[in-house]
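The analysis underlying the following values was restricted to heavy atoms, covering all of them including side chains, and did not include hydrogens, waters or symmetry mates. Treat the numbers as computed from the prediction; the structure is a model and nothing was measured.
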Amino acid sequence: MRLRSKLSIGFGAILILMIIVIYFSIYMLHDQNEKISELAVTRYEKIRLSTTVYSEVNKTAKSIRNILLDPAKLTDQEIQSIKESNLKSDQAIEELLHTEDMDQGKEMLLNLQSQITVYQQDVDEVLSLLKAGKKEEANRLFLTEDQAQVRSDIEEKITDLQNLEHTQMMNLLAQSTQSYDFTIRLLILIFAIALVTGIIVSQWVVVGISRNIKSVLSVINEAQNQKKGHLSRIKNVSKDEIGQIASAYNLLVESIELHTQQEEQYKKTLQHQALLETNVSKVVALFQEVHDLASLADLLLQKVCPIIHAQFGVLYIRKGESGENGENTSDQYFTPLASFAYPFDFIKDKHIHLGEGLIGQCAKDHQKIFLKDIPDEYYKIHSGLGEALPRYIIILPIEFEGEVTSILEFSCFSELTPFENDLLERIIRVLGITLNSIEGQMRVKSLLVQSQTLTEELQVHSEELQLQHEELRSTNEQLEKQYRESEQKTEELKKVSQFKSEFLANMSHELRTPLNSLLILAQTFSENKEGNLTSKQIEYALTIYSAGKDLLDLINDILDLSKVESGKMNILLSEVNLQELTKGIEDQFFPLTREKGLSFKINISSEIPDAIVTDQKHLLQIIKNLLANAIKFTEKGRVQLDFYKPSIEILHREGFKQSSVLAISIKDTGTGIAKEKFELIFEAFRQGDGTMSRKYGGTGLGLSISRELAKLLGGTITVESEEKKGSTFTLYLPYQELKSETLENNKIAIDSTPAIIEAPAKNEDALPCPASLKGKTILIVDDDMRNIFALTSLLETHQMNTFYAESGKEAITVLNVHSEIDLVLMDIMMPDMDGYETMRNIRHMEGYQTLPIIAVTAKVMKNDRQKCLEAGASDYIQKPVIPEQLLSLMRVWLYKGGKEN
C-alpha cells in the first residue's frame, strides 16, 4: 500500500478519532454547562423564591404583632403593606410551581400554598377584628396554638423545600464531578488509541510528523499529573492535520479549565454564604436576652468591630418625634448610644440634626457613606505602642419601615472586603427590627409605669370620696379589685383612663340617685306650700338643699377633671366680648369682696382686641375658680383682675410660638404660698396651703381643673407668690382674632394635643302654648323608692296623678293596664332590663310610638343624651332633677303629645 494511502488511512483514522473526541468533549461540556446552569441559576432561583415566601410571611407576622401591641399602628398604609406581602408570597409560590419539575417538590409546594392560604385568611380575620375594635379577640386568634402551629408548619415546609433544593444542588454537583472525571478518563482512553494509531502512522510519515506527534503526546501525558485548573497547552502547532488535533486539544483544555474555575467559584460562594450566615447568627444570638437599647448597642459594637477589623465604632440613636406619616423631621436628632475603642464621654452629649454633618446627611438621604483619605484632624486610633489615623470611614443608616432609626459609624485601617460589606448589610437589616422591638418593649414598660401612677392617683381620689359618703365603700372596694387585676394584666394607659371615666360615671349615678330625692324633697319642704312648717324647719330644709348642692358641685368638679384628663371634654369656640365678660364677673364677685371689705378692680389693656375667639364657658370657669380662690385666701387688702398682652420674653419662656396670646392675671394680698408648694396646690383635693385639710372649705379641685382646662385651650397657668404677701396667678391663653371666616360652621382648630370641637346643638322650635299639668297621669319608672317618693311628692303638689314601676318589665305591665298615662319619667340605670331596653320595648308596643318619654338619669358622660334619644326617649334630663326644669320639660312634651285637657 502506498504511503499516501497509508497516510490517508492513518490520518483518516486519526481524524475519525478526533471527531469522536470533539463530539464527546462538546457533548460532555454541554452536559456540564446545563448542570452548572441548573445548579447556579434554576436551583438558586428556587431557593431565592422560597426565601421570599419565608421573609414575606415573617414580615406579615411582625406587622400583626406590632399592631396588636399598639392598635394605633393599624393604618391603611400598614394594611396595604400586609396585602403586598401576601401578594408577593403568593407570586413566589406560583413561580416555584411553574419551575418545579419533581413530584415531591410540587407536593411540598402545594401543601405550603395551602398552609399560607389558611394563614392569610387568619391574618385577614385578625385585621377585621382590630378594625372592629375587638383587640382581645384578635389576640386570642393570632396567639392560639393552632395559629402558632400554622406558622411553624409554614416555616418547616419552607425549610424542607430548601433542604430538597440543597440536596438536588449537591446531587448535581456530584454528578458534575463524576461527569468531569468520566470525561477525563474517556479523553485519556481516546487519546491512548490515537497515540497507538499515531505510532503506527509515524513509521509511514516523515521525521517531522513523528516529532510533532511526540510533542502532542508529551503534553497529553503531562495532563494526567497536572492540576485540573492548570493543564499545559500544545505549543508550536503545525498547520497539518496534527496541528488541528493540537488546536482541538488546546480548546478542550481551555473548556476544562473554565469548568474547573466555575466549580471553584461556586464552592467559594457557598463557603462565603455559610460563613456569612454563621456570623449573622452569632450576632443575632447576642440580642436574645437584651432588653434595653444601650446594652444592645454595646454588645453589637463589641461583636461586629473585631469581625470587620474596625478600630473605632459608634452607634447613634434617633431622638425626637417623627412626622405624621412616619417621615423624619427637623425636630429629630441623633445622639450616641454606645462606642467601641472610643471615649464615650467625649461624644455622649452630641445632638446631630438631619442634614448636619455626615451623620445627619446619612439620616436625611437614607444612603451609606464611604470615605477615604481621612484628614489629619480626625481622631487618631491609639494603642499602647502608638497612634495612627484611620484610612477609611463607613457610615451606615439603620432603617425600620422606611425610617432611619439609628446610624452606625466605623473607622478602619483597611477597606472592607466584600464579605465584610455583606455581613454589615445583613446585620443592619436585622438590627433595625431588633431596635424597634426593644423600643416597643421600653414603651410598654413606660406605659405600665404611667398606668400604675394613675392607679395610685385614682386610689387617693377614691379614699377622699369615701370620706364624703359611706355608700361609696363597696364601689371603692370593687375599684381596688379592678385595679389589682389591671396591674396583673399590665393594661395600657388608655384602658386605665377609660376605666376611670366609667367608674366616675357609675359613681356619679350612685351619688346623684339619692341626691335627686334629697334635693327635690328639700326644695319642696323649703317652699312650704301647705304653710305648716316653722321658720326653723324651713331653714333646716334650705340647709339640707345647700349641702346637697355642695355635694353636686363636688361631683361635677370630679367629672370635669376626669373628662379633661381622658380627653373627652368638649370645647365650643365662639366670639367672646371681653367687656361683657368682665361685666358679668364684676357683677358676681363685687358683692363677695365688698362683704369681706376687700378692694376689687378689673383692668383691660388697650393693646388687646375687644373680642377674641375661644371657649367662653371654660375661660369663665378658669377665671371664676382663680378669683374665688383669691377672695377665699385674702382677709384684707385687694383682689385685682388684669387683661393684657404678655411680652415676647414671657412668651418664649412659656414655650409659645404664636404672638396671639392673652395674659389674664389675678392678684391678691392674701396669705400667699410657699415656693415649694407651687406644684402641690395644682393637685386634686389640695388647698392653698398645699395640704389636703379643709381649713378654707371647698373641694380642693378648682386649681387642678383650671390647669387642665387651660391645657385643653392650648394655654398654661403660672403662679408667683410669697408667704404673707399675696399671690399672682396668670393664665396665658392663645386666641384667634375675630374674622369673618373664623367662625365658619362654628368649628375652629386649636394649635395645641387632641380636644374635641363640636358645633352647638340647634335649639328646638319654641312652643308658644305650654300644656297644663293639672290632672295629667304620669308613670314614674325607677328602681329606687326614694326617687319614686320624691318625684311623686313633687307631681302631686301640682295636682297630677301618678303610677310607679320599680323595673322595666313592671313598667310595660302598667302601660298595658293603664292606657290613660300621658307621660313616662324613665330611669336609665336599672337591673335586669335597663331604661334603654325598656324604652325600645315601649316603642314597639302598639299605640305607644308617640307617647312622651323623658329619660331621668344620673349618667352625665359624653353621648348619654344621644343614646337615650336613639333608644326611644323624647327628651333627657339629668339627676339631681331641678323641679322647675322638670315641670317645664313635662309641659313642653305634654303639649307636643297632643293630650291637653
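Between Y333 and H351, the ring-plane angle classifies as parallel under the 30° and 60° cut-offs.
In this structure, D422 and T417 have side chains that are not in contact, with every pair of non-hydrogen atoms separated by 4.5 Å or more. Looking at heavy atoms from C-beta onward, V404 lies out of side-chain contact with Y316 at the 4.5 angstrom threshold. The shortest distance between side-chain heavy atoms of K131 and L74 falls below 4.5 Å. When side chains are defined from C-beta on, E409 counts as touching I359, because their heavy atoms get closer than 4.5 Å. Within the 4.5 Å cutoff, the side chain of F334 has no heavy atoms near those of the K319 side chain. Counting heavy atoms from C-beta on, the side chains of I407 and L315 never come closer than 4.5 Å. Looking at I433 and F400, their side chains come closer than 4.5 Å, going by heavy atoms from C-beta outward. N436 has its side chain out of reach of T405: every pair of non-hydrogen atoms, C-beta onward, lies at least 4.5 Å apart.
For the residue pair F410 and A310, the shortest heavy atom distance occurs at CD2-CB, 3.9 Å. In terms of heavy atoms, I347 sits closest to S339 at CD1-CB, 4.5 Å. In plain terms, the two heavy atoms of L337 and L293 that are nearest each other are CD2-O, 3.4 Å. Of all heavy-atom pairs spanning I317 and S406, the tightest one is CD1-CB, 4.0 Å. Across K73 and N66, no two heavy atoms sit closer than the pair CD-O, 4.1 Å. For V314 against P336, the heavy-atom pair with the smallest separation is CG1-CB, 4.2 Å.
In this structure, CD in E125 is found 14.0 Å from CD in Q120, a value given to the nearest 0.5 Å. For the atom pair E415 CD and H309 NE2, the distance stands at 14.5 Å (nearest 0.5 Å). M108 CE to N111 CG: the interatomic distance, rounded to the nearest 0.5 Å, is 8.5 Å. Note that the CD1 atom of I398 and the CG atom of L431 stand 4.0 Å from one another [nearest 0.5 Å]. With rounding to the nearest 0.5 Å, the separation of CD1 in I394 from CD1 in I369 is 12.0 Å. Separating the OG atom in S414 from the OH atom in Y392 is a distance of 7.5 Å, to the nearest 0.5 Å.
Within a 6.0 Å sphere centred on CZ of F346, other residues, nucleotides and ligands contribute 12 heavy atoms or fewer. No more than 12 heavy-atom neighbours from other residues, nucleotides or ligands sit within 6.0 angstrom of CG on D76. Under a cut-off of 6.0 angstrom, the local environment of NZ in K83 is sparse, with at most 12 non-hydrogen atoms contributed by other residues, nucleotides or ligands. By the neighbour-count criterion of 12 heavy atoms within 6.0 Å, atom CZ of R391 is sparsely surrounded, having that number or fewer from other residues, nucleotides or ligands.
Of the N and O atoms on the side chains of S89 and E56, not one donor lies less than 3.5 Å from an acceptor on the other residue. Neither side chain, D90 nor Q113, offers a donor N or O lying under 3.5 Å from an acceptor on the other. H353 and Q332 are not linked by any side-chain donor-acceptor pair at a separation below 3.5 angstrom, with hydrogens and angles left out of the test. A side-chain donor from one of E78 and S63 sits under 3.5 Å from a side-chain acceptor of the other.
Within the 3.5 Å criterion, the main-chain N or O of T159 finds a donor-acceptor partner in the side chain of N163. Panel note: side chain D365, backbone Q367; no donor-acceptor pair is recorded below 3.5 Å. A donor-acceptor pair under 3.5 Å links the side-chain atoms of T52 to the main chain of R48, judged by distance alone. In this structure, T335 contributes its side chain and K350 its backbone to a donor-acceptor pair below 3.5 Å. Remark: side-chain polar atoms of S81 are not paired, donor with acceptor, to backbone N or O of Q77 under 3.5 angstrom.
We find that K368 and E425 are joined by a salt bridge, their nearest charged nitrogen and carboxylate oxygen being less than 4.0 Å apart. A salt bridge links R318 to E403: at least one charged side-chain nitrogen sits closer than 4.0 Å to a carboxylate oxygen.
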- [ ] Using the side-chain contact (heavy atoms from CB on, under 4.5 Å) rule, take I93 and V53 through it: C-alpha gap first, then chi angles, then the decisive distance, then the call.
- [x] CA-CA 7 Å; I93 290 179; V53 175; 3.7 Å; yes
- [ ] Report the C-alpha separation of I116 and N86 in whole Å, then their side-chain angles, then the decisive distance to 0.1 Å, and conclude whether the side-chain contact (heavy atoms from CB on, under 4.5 Å) test is met.
- [x] CA-CA 9 Å; I116 289 180; N86 292 340; over 6 Å; no
TODO: Could you check L301 against D298 for side-chain contact (heavy atoms from CB on, under 4.5 Å), going step by step and ending with a plain yes or no?
DONE: CA-CA 5 Å; L301 294 175; D298 189 63; 5.9 Å; no
- [ ] Please report the C-alpha distance between L448 and Q452 in whole Å, then the side-chain angles of each, then the deciding distance to 0.1 Å, and finally whether the side-chain contact (heavy atoms from CB on, under 4.5 Å) criterion is met.
- [x] CA-CA 6 Å; L448 177 60; Q452 292 171 341; 3.9 Å; yes
